[in-house]
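Below you'll find the structure, written out as structure tokens, and then a few comments.
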Amino acid sequence: MAHRFFEGAAHAAAYARFRPHPPQPLIDNILSFLKSKYTGALAAAADVGCGSGQTTWILAPHFNNVTGLDISEAQITEAIKKNNANNVSFKVSGAETLPFPSRSLQVITTGQACHWFDLPKFYAEADRVLVSGGVLALYGYLFPLPIFGEVSDQLAEIVNDVYNKETKGYWGDGRKDVDEAYTDPKFIPLYQDFIRNDSYYTDKAVSVTDLTGYISSWSGFQNYRTQNGDEAAFDMLQNFQNRIMSVLGVSTAPEDTQLILRYKYFIIMGRKP
């Protein structure tokens, strides 16, 4: 059964605001892999586990119709509020029963999500709805690396402390799969024609306040908050922000202090015969 860690409205809003958009070269790689053997029309694509839509809209310029699916009604509500693309729609749906006719999609993507799926059932559904030559693309990103000159390593240690110590035990089994960049054999699609690429990254300029907000969008943090209460969760975030500001040693306020977050991506793609 799929996990449901992203259901609350407040969490969906944080997810929408602070999560990154995938780098365009990664999307270009999906399209080039598809077009290397598929020559038909690009009629339809689906983004499964779409969250609040960051991984869905980037497909819109390339397909006649794109559908974002997520098991969380709160996430889909957030995505619909932000949607301004005429050829993109969003639906509440799990990954294990896809609402499409057989052989109707050229591409299925799932960004930072499939580690929560029942993979055998998802793969069976993906195989059902993909056309011959269609592509299933599984991708994700590692925890971002804060970049700020000579103190970058110290900043990374603070982020790692929150993950490895303060939210340890609140993540569920899926997070380990992301830390290992989907190298477990279960993430290899059913198809023999597949490739992997770990070279993509995207840099995002953020404030320290934004970085703290990103921490608040973690499922591990949200689970910690549910079990320990708002006050304990707030104290964790405040302590995190104070530690970051102390290392930076600047006089500006957190909301006015800028740094770079580098997200390193990995992708596995398989082509249906």
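Everything quoted here is computed from the prediction, not taken from an experiment.
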**Report entry** Derivation of the side-chain contact (heavy atoms from CB on, under 4.5 Å) call for Leu136 and Met269
**Finding:** CA-CA 6 Å; Leu136 171 61; Met269 292 182 286; over 6 Å; no

Query - Chi angles and distances behind the side-chain contact (heavy atoms from CB on, under 4.5 Å) call for Arg196, Ile267 - result: CA-CA 6 Å; Arg196 179 185 176 99; Ile267 183 169; over 6 Å; no

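Evaluation of the side chain to side chain contact (heavy atoms under 4.5 Å, CB included) rule for Lys186 yields Leu119, Asp177, Asp184 as partners, not counting sequence neighbours. Every residue two or more places apart in sequence or in another chain that forms a side chain to side chain contact (heavy atoms under 4.5 Å, CB included) with Val92 is listed here: Glu73, Ile76. Among residues two or more places apart in sequence or in another chain, the ring-ring contact (aromatic ring centres under 6.0 Å, His included) test is passed with Tyr224 by Tyr170. Every residue meeting the side chain to side chain contact (heavy atoms under 4.5 Å, CB included) condition with Thr252, not counting sequence neighbours, appears here in chain and number order: Val250, Asp256, Thr257. In terms of the ring-ring contact (aromatic ring centres under 6.0 Å, His included) criterion, Phe221 has no residue partners (sequence neighbours excluded). Listed by chain and residue number, nothing satisfies the ring-ring contact (aromatic ring centres under 6.0 Å, His included) test with Phe100 (two or more places apart in sequence, or in another chain). Glu157 pairs by the side chain to side chain contact (heavy atoms under 4.5 Å, CB included) definition with nothing, not counting sequence neighbours. For Tyr139, there are no ring-ring contact (aromatic ring centres under 6.0 Å, His included) partners two or more places apart in sequence or in a different chain.
Taking each heavy atom of Pro22 and Ile27 in turn, the nearest pair found is CG-CD1, 4.5 Å.
With respect to the salt-bridge test (charged N to carboxylate O, under 4.0 angstrom), the residues Arg243 and Asp161 qualify. By the 4.0 Å N-to-carboxylate-O rule, Lys121 lies too far from Glu125 to be salt-bridged with it.
For the pair Glu255 (side chain) and Ser207 (backbone), a donor-acceptor distance under 3.5 Å is absent. Without hydrogens or angle criteria, Asn87 side chain to Ala60 main chain gives a donor-acceptor distance under 3.5 Å. Of the possible polar contacts, one joining the Gln106 side chain to the Ala43 backbone as a donor-acceptor pair under 3.5 Å is found.
Residue pairs meeting the ring-ring contact (aromatic ring centres under 6.0 Å, His included) criterion with at least one partner in residues 34-64, sequence neighbours excluded, are Trp57-Phe90. Listed by first and then second residue, the ring-ring contact (aromatic ring centres under 6.0 Å, His included) pairs that reach into residues 173-197 are His115-Tyr182, Tyr182-Phe187, Tyr182-Phe266, sequence neighbours excluded.
Hydrophobic side-chain contacts under 4.5 Å tie Ile260 into a cluster, directly or through other members, with Ile147. Through ILVMFWY side-chain contacts below 4.5 Å, Tyr201 is grouped with nothing and stands alone.
Between Phe122 and Phe117, the ring center distance clears the sub-6.0 Å criterion.
Looking only at side-chain heavy atoms (C-beta outward), Arg103 and Lys272 come within less than 4.5 Å of each other. The closest side-chain heavy-atom distance from Asp193 to Lys37 is below 4.5 Å.
For the pair Arg175 and Tyr163, the cation-pi test (distance below 6.0 Å, angle within 45°) is passed.
Using modelled atom types, one finds no donor on one side chain facing an acceptor on the other under 3.5 Å when comparing Arg262 with Thr202.
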